[in-house]
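All remarks here apply to the structure that follows.
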Amino acid sequence: MSYRFEQASPEWQFAAVFNINRCLACQTCTMACKSTWTFSEGQEDMWWNNVETKPYGGYPQHWDVKTLDLLEKANPGGQSWGGSPAPGAPYGMYEGATIFEAGRTQGEYAVGYTPSDQEWSSPNIHEDSPVANGALAEGVTLPEHRTWFFYLQRICNHCSYPACLSACPRNAIYKRQEDGIVLIDQERCRGYRKCVEQCPYKKPMYRPNTRTSEKCIGCFPRVEGSDPLTGGLPMETRCMTACPGQIRLQGLVQVDENGDWIADPSNPIYYLVREEQMALPLYPQFGTAPNVYYIPPRWVPRPYLVQMFGPGVDGAIAAYERPSRRAQAVLQLFRVTQSIIFSFDVIEGEKVSEMNINGEVLEIFNDTVVGYGRDGQELVRVTVLEPQFERPAQYLNTI
Ligand code: SF4
Ligand code: SF4
């Protein structure tokens, strides 16, 4: 893949895992973000975090199919995955054109388009609209329902090769050395909207009254640890910590000078993405190397998921459906503390049950997972089995 600038990797990279299987589309994340960062005049249509119903929903409408279409037009029939998994290419090698190569053929840094005002105006269009295909009469069976939809949670991916950054003629966009968060310098921005055009995820948004573009800032004051709530420890973003579905886990991973993650299987994000390969990037074929990873939904037809998350889908779903003993413990770390967990440990407990998943036995152990902060201090301790509390008889009808 080609990119406008030379490799300049951050020391740490902001990254997250979103478990699509658990999202209830309550939009608490969306409102947590809006009420923190985009509640002012001119930001009415600005939703840095949004949750859309796939396949029909989108904010802005059709953002992904339009970009896929641009790629197909630039490289007809050539957008395919191939090759065998190799170091640095765990799912094989992408053989198609990324947005950057496709852009070069048109004299641009990347292919893109500018959404219309109307496409920005309905952030939750088609909520809960399923794909039916007349299958209702036949009923549904796991692992793939014939009738399906799912919720896709989206923020800026703080990409390793941000298309917004390479698009900017003012060099107003930069990626921070300390955490890889991508920001738009409001002093330098002149509102040319090239970032809006060339970000394939459509996460920079134009603000008409200031005539500048704005985007998710990764709640950087929290990630820096300047919130007194955690006593100076790096803290997860507002959208992550507000999530009642407990679908989000955010962290920081260490990066080497080539842009690769430094191996650290005790980091929960590294563990889920690289060791278990349970979570995958969104539209990896775009080429920006996004840093939000998704555990794909189990009930959705695989070809659709492969188009969206690449060829690792079957493996990721298998790893989630029958999680290893260690993964069962790590999955308990979602949303149990506001501080960023830098490493974890598992203390083994008793076997508590056994079940059959797709013809194979899955054993459940009541292990305890311990999460540690930046300086190795213990932040949280959770068991695989949730503790149960029985309300005393005299309080049965009280709150
Ligand atoms: S807060 Fe969590 S469960 Fe609710 S919509 Fe957002 S990601 Fe989904
Ligand atoms: S998702 Fe878009 S706005 Fe965010 S860093 Fe990537 S290219 Fe830039």
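Read the numbers this way: they start at 1 and go in the same order the structure lists the ligands and their atoms. Computed from a predicted model, the values in this text were never measured in an experiment.
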Face-on cation placement of [X] at [Y] ring, 6.0 Å and 45° thresholds:
X	Y	value
Arg238	Trp37	no
Lys175	Phe14	no
Arg154	Trp63	yes

* Pair Lys194 + Glu197: basic N to acidic O under 4.0 Å -> yes

* Is Arg326 salt-bridged to Glu275, going by a charged N under 4.0 Å from an acidic O? -> no

* To do: Spell out, as yes or no, whether a donor-acceptor pair under 3.5 Å connects the side chain of Glu127 to the backbone of Thr53.
  => no

* Asked: Between Tyr3 and Phe100, how do the two ring planes meet: parallel, tilted or perpendicular, split at 30° and 60°?
  -> perpendicular

* How about Glu101 and Thr98: does a side-chain donor come under 3.5 Å of a side-chain acceptor? -> yes

* **Inter-residue atom distance Glu224.CD - Met235.CE, 0.5 Å rounding** => 13.0 Å

* Run through the protein N/O/S atoms less than 2.8 Å from atom 6 (Fe) of ligand 1 and write them out by chain and number. => Cys29 SG

* Which protein N, O or S atoms lie under 2.8 Å from atom 2 (Fe) of ligand 2? -> Cys199 SG

